[in-house]
Every structure is written in structure tokens, then in C-alpha cells.
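These notes are about the structure you will find just below.
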Amino acid sequence: MVLPIDNPTKSFWIEGAESPLRNHRSTADLPKQTDVLIIGSGYTGASFAYWLQKFASNGASPDIVMLEARDVCGGATGRNGGQLRPHFYSRYRNWSTRFGADGALKVIQHEAAHLKAFDKLLKSEGIAKKVCFKLGETFDAAMSEEAWDRLKGEYELMKKDHGENGPIIGECRLIEDPKEAEEFTQMKGCIGAVVHPSGQVWPYKFVHALLEILLGTAKLNLQSHTPALEVSARDADGYITVTTPRGDIKAKTVVHATNRWAGHLLDEFQKLIHGGRGTIAAIKAPEGFIKNTGAQHWDAVINNYHLQLPPPYNTIIIGGAKPLTVHDPWQYINNDKEDEQFRGVPEFYAGWPKRDIVGWQGNDPADLEKKVEEGGVWSGVYSSSIDSFPFVGPVPRRDGMPRILGSTAHLAPLVLRELGIEYNTPEAAAIFPPLPDPFYATEQRIDSLQSVDAIKKFQDDVNDNLASSKKPFAAPYPQVVTD
Ligand SMILES: Cc1cc2nc3c(=O)[nH]c(=O)nc-3n(C[C@H](O)[C@H](O)[C@H](O)COP(=O)(O)OP(=O)(O)OC[C@H]3O[C@@H](n4cnc5c(N)ncnc54)[C@H](O)[C@@H]3O)c2cc1C
């Protein structure tokens, strides 16, 4: 049983946004009853609530209560890397092996559609600037021959199956000349790169902006610091009861947007969804210094990824730190300790700009935006699904993520139909192709995954990571000092 801990490390996204909604409670007491109860106020919960209102015709939106265990959007969405970076080509080998060339393309097209849909949604709401949204290009920078062989291999395989100018692959390009690659990526020692469209956003501000819009309609009742402890079966009157420390609520429909913590309320997901821990830092940088978002790869395990926020912030957000943390993989595999920093990571990040960026013009070591413990460097827990895909849809036997906006756009009309509310598809939602097959939370998928030995899988991952830690590009790891 896992609920979010209440003392995670502080993140720049949350501290820097200074949102008045942070500890919002729409009413002093919880409503006794509602049409739709959403558990979780991250990107999934907020975008689902948004779609419910946009799809519902003639302003006939259902009443919604949203419960959040922490402060509003205090989970992964308030602690991530801010990259809207669809996998245009980089998982092609794995996905085409599992789902065939066309199946893989469908998954990729669904991810890629998020760029256009975000653009449409944010512009139509007039909040693109407020949430620091930007479209542009991103790169995978190969920092070793091993990485170049893999990245180029993924690109070539997709090109072979779909043609150089085929769907999606036609939007990717290779930079094969090392000098050009270093210049484009600004990464010292980069030997080649793959480039494709991408985006970036201040994720916490995005969620808070959506919620602000919804709260303005008075159809949403948002309750922070209110964990859902139990969800009952449906009673004879058609209601599901959700228990919280502040009282019970009866709902016609319950939506679990609880990410890594889903197994607390849904037993059948306990073995299927686990926690993994990431680390991110916010670094001060000269305005417009980083031209494109991107990632550095040394092998399939060791990487960093980064972006720079637009003015007035100009902050570099960097995540990964894998050249360092790879020495101790249990720090991030099957690990929920987001109240702790990773060993040596603040120093690693502070040294990164001078060490890795061509022509760094800022300080060395770099200045963090805030002190380490005040939001300069933080940990965050992401959900690690046993088969690497989200579970989207009605949970079987209980009538009742760049993947998330499209997944919630798929779900909203299903719920409205169940409630007997007429709906129309909003323009931004119409951009999405059908939900990819591997996302469906089918009975067969959930049952067959129960037998996967998660601990063995984690141990295999740890062994792979330890093998990477022996490679020459792994950074020296600080020694543990014991008295
Ligand atoms: C360090 C890190 C870096 C990442 N970088 C990127 C990136 O650059 N790009 C990208 O696309 N993705 C990234 N991700 C993944 C991305 O953040 C997630 O996929 C996304 O935020 C998930 O949104 P969500 O709403 O499903 O989950 P969350 O944002 O975690 O929301 C779930 C919410 O449910 C609440 N909750 C859970 N259980 C209960 C309960 N019982 N009662 C009440 N509330 C409950 C939680 O407190 C939480 O606020 C990263 C993740 C991490 C951790």
C-alpha cells in the first residue's frame, strides 16, 4: 500500500511558480456527493477534468470533485523535466518488434500529435506564454560510438520500414558530421545527433492554469491535502463511496489519476506499477543560451537531458545525472525516496555546464536558481509500468501520460456517455489519432502481467546499469565518508 509521502524535496517548478492555488480547497467541507470524482491533481487529473468540460455540450458539464493527497499538482508533474518530447524514432526497434511496423508507427503518431494538440489548446485558452510553452527542435546527442550506433540504428530501421520521407521519420534528420553535431547540440564531444520536433512547458504552471480555468466555471471542487484512502464497490443506488480523512464522498464515476500510487486504491495494479526516482536541477544561465532542448547519450543507460526556459526565467532545467548515479542503481530503480537527494548530484549538476556545454558563459560551478534544499535540486517519483505502457480506460471488473493529453481526451467522452451527457469533440482533442492498442487497460493485459516477476526485472535492470557504470564514460563517484 503506497500513498504519496508528505515531505518530498522542494522543486523549482513548484516553489518558483508561487501559485495561489497551491493549497486550494474550494469549500471548507468536502461535498457529500458528486457526478465525477477525480483522484490526483497532476497532468492526468487536470487534463481529464478539462476535457470533460470541453467535450460536454451546451455547458452541461458534470459536477467534478478533485482530491489531492499533497498540495495541488505536488506529484510527478510538479517535479519533472518539462520536456514535451515524443519518441519520434528512438524506441522504434523495441516497439516494431513488439507491435510490428504499423503498430509502432501508431504509438509514435499518438505521441507526436501531442505537440499540435498542446499548441492548439494553449493558444485557444490564451495561456501559452503564461505556462512557458515553446515548440522547437530537440536532439539526441551521441556522446560515444556506442550511443551513435544505437541512435542511428533506430533511425535507419524506421527509415527502412517507412521510407525516408515517410510519416514521422520524414520529420527526423541525422547530423553525421561531428563538428556540425557539436555546433548544433552545443554539447562538447558530441559525435553525431538525431534531430526532431519537440516542445517544452512549465508543467506545474500548465496544470494550475487549466485548474484555474475550470474553477472559474464553478463546476470543479478542488480539495488539496485530502488523500483518498479507500474506494468502495458501486452500491445499489449506483454510487461509489470514496473515503478520506475528512469524510466520505459518493460519486457516480471515480477516475484514478494517481500515477505511481495507483496500487494503493486498486490492488490489481500493485504488481504492475512501481516507483522509480529521478533527479532534476534548476541552474541560472544567460538569456537564450541554450538553443534547443536535448539529451546526451553515452549508452542506453547513461544520459542527461535539459532545456532552457524563456525570459524572464532563463533557467536551465537539467535532469538525468546518470553518468554519476549509475554507480548505485537502487537509488533510482524501484525507489520512492523523493524526500532525499541523490548522493553527489547537486555538485554534479553545478559542474555540468562548464564540463559539457560548448562556450559556457555562466559561472563555474554554476549557480542554482535556489539553494539545494529550497528547490534548486530535487527528486521525483515517476511510475514504472511493468510493460512500459500506461493503463488507460475503464478498470475491468470495477465498472466503473506526451501520452497523457491524448489518453484523457480518449477517456472524457466515455465518462460523459456513461453519465448520459451529450458531447462534441473539441478541436484540440480531434487532433489525436485513436488510442494505441498497448494503452488499453484490458482484463487480459492486467491478468497476464500479474505473473511477471518484477523483482527479477528490477535486478536485471540493476545489473545492466552496473555494467554501464564500468564503462569509461561513467563519472567518478564520490566516496561515502564514514566516521
Ligand atoms: C524526475 C522526473 C522527470 C520527468 N521528466 C519528464 C519529462 O521531461 N517529460 C515528460 O514527458 N515526462 C517526464 N516525467 C514523467 C511525467 O512527469 C509524468 O508522466 C506525469 O507528470 C504524470 O502525470 P500524472 O498526473 O499521471 O501523475 P502525477 O503528477 O504524479 O499526479 C498524480 C497525483 O495523484 C496524487 N495522489 C496519488 N494517490 C492519491 C490518493 N490516494 N489520494 C489523493 N491523491 C493522490 C499524487 O499526490 C499526485 O499529485 C518525469 C517524471 C519525473 C519523476
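Keep in mind that the numbers below use all heavy atoms, side chains included, and drop hydrogens, waters and symmetry copies.
- Checking each of Phe439, Phe389, Trp95 against His110 for a ring-ring contact (aromatic ring centres under 6.0 Å, His included) leaves exactly one that passes, namely Phe439.
- Looking at Arg25, its side chain does come within 3.5 Å of a backbone N or O of His225 through a donor-acceptor pair.
- Looking at heavy atoms from C-beta onward, Met66 lies in side-chain contact with Leu220 at the 4.5 angstrom threshold.
- The backbone N or O of Gly78 lies less than 3.5 Å from a partner atom in the side chain of Ser11, making a donor-acceptor pair.
- A donor-acceptor pair under 3.5 Å is absent between the side-chain atoms of Thr9 and the main chain of Asp339, judged by distance alone.
- Remark: side-chain polar atoms of Arg445 are paired, donor with acceptor, to backbone N or O of Pro438 under 3.5 angstrom.
- In this structure the side chain of Thr315 never reaches within 4.5 angstrom of the side chain of Ile283, judged on heavy atoms.
- Arg85 forms no cation-pi arrangement with Tyr305, by the criterion of a distance under 6.0 Å to the ring centre and an angle within 45° of the ring axis.
- Between the side chain of Asn335 and the backbone N or O of Gly276, no donor-acceptor pair lies under 3.5 Å.
- A salt bridge is defined here as a Lys NZ or Arg NE, NH1 or NH2 lying under 4.0 Å from an Asp or Glu carboxylate O, and Arg355 with Asp364 fails to meet this definition.
- A salt bridge between Glu111 and Arg403 is present, with a side-chain N of the basic residue lying under 4.0 Å from a carboxylate O of the acidic one.
- A heavy-atom distance below 4.5 Å is found between the side chains of Glu125 and Ile213.
- Judged purely by distance below 3.5 Å, without hydrogens or angles, the side chains of Ser26 and His24 pair a donor atom with an acceptor atom.
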*Are Asp35 and Lys252 close enough, and set up right, to give a salt bridge (charged side-chain N to carboxylate O under 4.0 Å, His left out), and what steps lead you there?*
CA-CA 5 Å; Asp35 293 322; Lys252 290 182 189 156; 3.2 Å; yes
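- With a 4.5 Å cut-off on side-chain heavy atoms, Met187 and Ile357 count as touching.
- For Glu340, the CD atom sits in a packed shell: over 12 heavy atoms of surrounding residues, nucleotides or ligands are nearer than 6.0 Å.
- The closest donor-acceptor contact from the side chain of Trp13 to the backbone of Asn80 lies under 3.5 Å.
- In this structure a side-chain-to-backbone donor-acceptor pair under 3.5 Å is missing from Trp202 to Gly82.
- Salt bridge annotation for Glu15-Lys370: absent, with no cationic side-chain nitrogen under 4.0 angstrom from a carboxylate oxygen.
- A distance below 6.0 Å separates the ring centres of Phe432 and His114.
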_Using the rule given for ring-ring contact (aromatic ring centres under 6.0 Å, His included), can you reason through His410 versus Tyr440, listing the C-alpha separation, both sets of side-chain angles and the distance that settles it, and then say yes or no?_
CA-CA 11 Å; His410 166 84; Tyr440 281 88; 5.5 Å; yes
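- Under 4.0 Å is where a charged nitrogen must lie from a carboxylate oxygen, and between Asp102 and Lys106 no such pair does.
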*Are Glu182 and Lys188 close enough, and set up right, to give a salt bridge (charged side-chain N to carboxylate O under 4.0 Å, His left out), and what steps lead you there?*
CA-CA 6 Å; Glu182 202 179 64; Lys188 279 185 193 168; over 6 Å; no
*Go through Asp140 and His297 one step at a time and tell me if the side-chain hydrogen bond (donor to acceptor under 3.5 Å, both in side chains) criterion holds.*
CA-CA 7 Å; Asp140 283 314; His297 302 270; 2.7 Å; yes
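- In this structure, Thr226 and Ser224 have side chains that are not in contact, with every pair of non-hydrogen atoms separated by 4.5 Å or more.
- Asp71 contributes atom CG, which lies 8.0 Å from atom OG of Ser41 (distance to the nearest 0.5 angstrom).
- By the 4.5 Å heavy-atom criterion applied to side chains, Phe55 and Tyr50 are not counted as neighbours.
- Under the 4.0 Å criterion applied to side-chain N and carboxylate O atoms, Arg260 and Glu338 are not assigned as salt-bridge partners.
- At least one side-chain heavy atom of Leu411 sits less than 4.5 Å from a side-chain heavy atom of Val392.
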*Stepwise, does the side-chain hydrogen bond (donor to acceptor under 3.5 Å, both in side chains) test hold for Tyr89 with Glu171?*
CA-CA 10 Å; Tyr89 75 100; Glu171 298 176 64; over 6 Å; no
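- Looking only at distances, no side-chain donor or acceptor of Glu287 sits under 3.5 Å from a matching main-chain atom of Tyr313.
- Taking the side chain as every heavy atom from C-beta outward, Asn259 and Tyr382 never approach each other to under 4.5 Å.
- Side-chain atoms of Lys371 never come within 3.5 Å of backbone atoms of Leu368 as a donor-acceptor pair (strictly under, hydrogens ignored).
- Residues Lys291 and Glu183 are not paired through a salt bridge, judged by the lack of any N-O separation under 4.0 Å between the basic side chain and the carboxylate.
- For the residue pair Gln296 / Asn304, a side-chain donor-acceptor distance below 3.5 Å is found, with atom types taken as modelled.
- In this structure, Phe133 and Phe118 have parallel ring planes: the angle between them is below the 30° cut-off, well short of the 60° mark.
- A tilted orientation is assigned to the rings of His306 and Trp352, their planes being inclined by 30° to 60°.
- Tested against Gln223, the residues Leu30, Val72, Ile249 include a single side-chain contact (heavy atoms from CB on, under 4.5 Å) partner, Leu30.
- Between the His264 side chain and the Trp261 main chain, no donor and acceptor come within less than 3.5 Å of each other.
- Checked by atom type, the side-chain pair Tyr92/His162 shows a donor-acceptor distance below 3.5 Å.
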